[in-house]
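For clarity, every value in this text was computed on a predicted model and none was experimentally measured.
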Amino acid sequence: MSASNTRFAAVLGAANFLVCAAVGTVLLLVTGSEGQTVQSVSATDPVTAGTSTGNESPPPATGIYPSTPTPVGDDYETVTAPDGFSTVVPRGWRSEPKNPGSFQANDPADESHYVRYGATEASGDLVKTHVDAEKSAATRLSGLHRVRMDRTDVRGNEAVDWEFTWESSTEGTRHVRAIYWRTGGVEYFVYVSALDSAWQPMPELLTTMVGQSRP
C-alpha cells in the first residue's frame, strides 16, 4: 500500500471511530406503538459504574396507561393531591404529606416499602430536570446505579420513566422506579420504592397507579 493510501485509511478509520463514539454517547432506542414511545436517554453515561442486580424491571410496555382506567376492585382506594391529581394506593396504606405537593403511603406490613405521588409546577426540560435530579441524588444516595432513564408518554403527555438502585447502610440495596409526566404546566408523578429483594410486585403497582391516575 502506498504512503498516500495508508494515510487515507488512517484518516477514514479515525473518522469512523469518532462517529461510533458520538452514537454511543446518547443511545436512542425508539420502540413501542399506539402513541407510546420509549427513548433511552444518555444510556451510556451512568451516574456511577454498576452491574445488574438481577431484579431489574422489564422494558416499559406499550399501552399500559389507558385513557379510560379499568376497575381495580376493593384492593385499592383513591387518593388525591394538589392540581387535580388523583391515583390509587393499596387499601390500608395510609397516605401522609411528604413534601409540598407530594404524599407518601407506606405498606403497613413493612414500612420500608412505600409509594409516593403528587404534583409540582413544571419547569425546564423534562429529561434534563431528572438527569440533574439524578446527579443531585448521587451525592446523597450511596452507590446509586441507573437502571433506566427513558422518555415515554402518559396518555399523550410527555413523560420520563426513571428507575435506579442505591445502597442503604441500614437496609441494603433499595430499588426505586418513578414516572413523571407533564400537562397544563404541571408535573405529576408516581413513585414506588422497596428493598431490592422484595421488588417483584412494585412494577405492577406502579403501572396500576399510573393507569388509574388523573390527569
Side-chain angles (χ1 to χ4, degrees), residues 46-48 50-61 64-66 69-82 85-120 130 133-150 152 154 159-181 187-214:
V47 175
T48 58
T51 57
S52 172
T53 65
N55 274 327
E56 295 174 0
S57 300
I64 60 175
Y65 309 130
T70 57
V72 292
D74 294 335
D75 292 337
Y76 294 87
E77 56 188 319
T78 300
V79 291
T80 60
F85 183 80
S86 66
T87 185
V88 296
V89 300
R91 188 167 297 280
W93 289 36
R94 188 175 65 180
S95 294
E96 296 181 344
K98 179 65 179 178
N99 294 308
S102 71
F103 295 81
Q104 178 170 312
N106 290 71
D107 180 352
D110 185 346
E111 291 199 351
S112 68
H113 304 160
Y114 57 84
V115 300
R116 293 175 182 168
Y117 56 91
T120 186
H130 293 288
E134 180 184 58
K135 293 176 181 177
S136 175
T139 67
R140 297 177 284 102
L141 304 180
S142 177
L144 189 151
H145 166 65
R146 180 194 296 182
V147 176
R148 76 175 83 232
M149 178 77 78
D150 293 338
T152 182
V154 173
V160 163
D161 182 347
W162 178 19
E163 182 177 0
F164 62 92
T165 61
W166 64 282
E167 301 302 321
S168 166
S169 60
T170 58
E171 298 176 301
T173 304
R174 291 201 63 86
H175 202 142
V176 175
R177 187 175 173 190
I179 306 289
Y180 301 84
W181 68 98
E187 180 172 304
Y188 301 92
F189 77 93
V190 169
Y191 171 117
V192 298
S193 179
L195 296 176
D196 196 53
S197 59
W199 178 246
Q200 291 305 320
M202 304 309 281
E204 182 178 355
L205 175 56
L206 180 76
T207 297
T208 298
M209 292 181 67
V210 177
Q212 297 294 317
S213 67
R214 288 296 178 269

State which residues pass side-chain hydrogen bond (donor to acceptor under 3.5 Å, both in side chains) with T170; sequence neighbours excluded, sorted by chain then number. S168
Minimum heavy-atom separation for P82 to A119, with atom names? O-CB, 3.6 Å
Just so I know, are the side chains of D196 and T165 near enough to count as touching, which here means a heavy-atom distance under 4.5 Å? yes
In chain order, what residues pass the side-chain hydrogen bond (donor to acceptor under 3.5 Å, both in side chains) check against E77, with sequence neighbours excluded? none
Quick one: does any side-chain atom of S136 pair with a main-chain N or O of A133 as donor and acceptor, under 3.5 Å? no
Correct closest heavy-atom pair for V89 and V115 would be CG1-CG2, 4.1 Å
If we ignore angles and hydrogens, is there a donor and acceptor under 3.5 Å between the side chains of Y117 and S95? yes
Looking at side-chain heavy atoms only, is the closest gap between D75 and R91 below 4.5 Å? no
If every non-hydrogen atom of R177 is compared with every non-hydrogen atom of P203, which pair is closest and at what distance? NH1-CB, 4.1 Å
Test side chain to side chain donor-acceptor pair (under 3.5 Å) applied to E167 and H145, step by step: CA-CA 9 Å; E167 301 302 321; H145 166 65; over 6 Å; no
Identify, with sequence neighbours excluded, every residue that meets ring-ring contact (aromatic ring centres under 6.0 Å, His included) alongside F164. W162
Side chain proximity check, W181 to V190, heavy atoms < 4.5 angstrom: yes
Quick one: salt bridge (Lys or Arg N to Asp or Glu O under 4.0 Å) pairs with a partner in residues 105-117, sequence neighbours left out? none
Those residues at least two apart in sequence (or on a different chain) that pass side-chain hydrogen bond (donor to acceptor under 3.5 Å, both in side chains) with H130 are E187
List the residues meeting side chain to side chain contact (heavy atoms under 4.5 Å, CB included) with A178, not counting sequence neighbours, and say none if there are none. Y180, Y191
Working to the nearest 0.5 angstrom, can you tell me the gap between L141 CG and W166 CH2? 5.0 Å
The reported gap from OG1 in T87 to CZ in R214 (rounded to nearest 0.5 angstrom) is 9.5 Å
Can you check side-chain contact (heavy atoms from CB on, under 4.5 Å) on E163 and H175, steps first, answer last? CA-CA 8 Å; E163 182 177 0; H175 202 142; 2.6 Å; yes
Contacts of type salt bridge (charged side-chain N to carboxylate O under 4.0 Å, His left out), residue E171, not counting sequence neighbours: R174
How close do A138 and L144 get, counting heavy atoms only, and between which atoms? N-CD1, 4.0 Å
Considering residues at least two apart in sequence or located in another chain, which fulfil the side chain to side chain contact (heavy atoms under 4.5 Å, CB included) criterion with S102? K98, N99, F189
Could you tell me whether the side chain of E134 reaches within less than 4.5 Å of the side chain of R146, counting heavy atoms only? yes
side-chain contact (heavy atoms from CB on, under 4.5 Å) between I179 and L206: does it pass, once the steps are laid out? CA-CA 8 Å; I179 306 289; L206 180 76; 3.8 Å; yes
Given the rule in the side-chain contact (heavy atoms from CB on, under 4.5 Å) test, do L205 and W93 qualify, once you have shown the distances and angles that lead to the verdict? CA-CA 13 Å; L205 175 56; W93 289 36; 4.2 Å; yes
Would you check, one step at a time, whether the test side-chain contact (heavy atoms from CB on, under 4.5 Å) holds for M149 with V160? CA-CA 7 Å; M149 178 77 78; V160 163; 3.7 Å; yes
Please enumerate all residues that pass side-chain hydrogen bond (donor to acceptor under 3.5 Å, both in side chains) together with Y188, with sequence neighbours excluded. none
If I compare all heavy atoms of M209 with all of V88, which pair ends up nearest, and what's the gap? CG-O, 3.2 Å
So do the side chains of T208 and Y76 get within less than 4.5 Å of each other, counting heavy atoms only? yes
Tell me every residue that passes side chain to side chain contact (heavy atoms under 4.5 Å, CB included) with T80, counting only those two or more places apart in sequence or in another chain. S86
Closest non-hydrogen atom pair between G118 and A81, with its separation: CA-CB, 4.0 Å
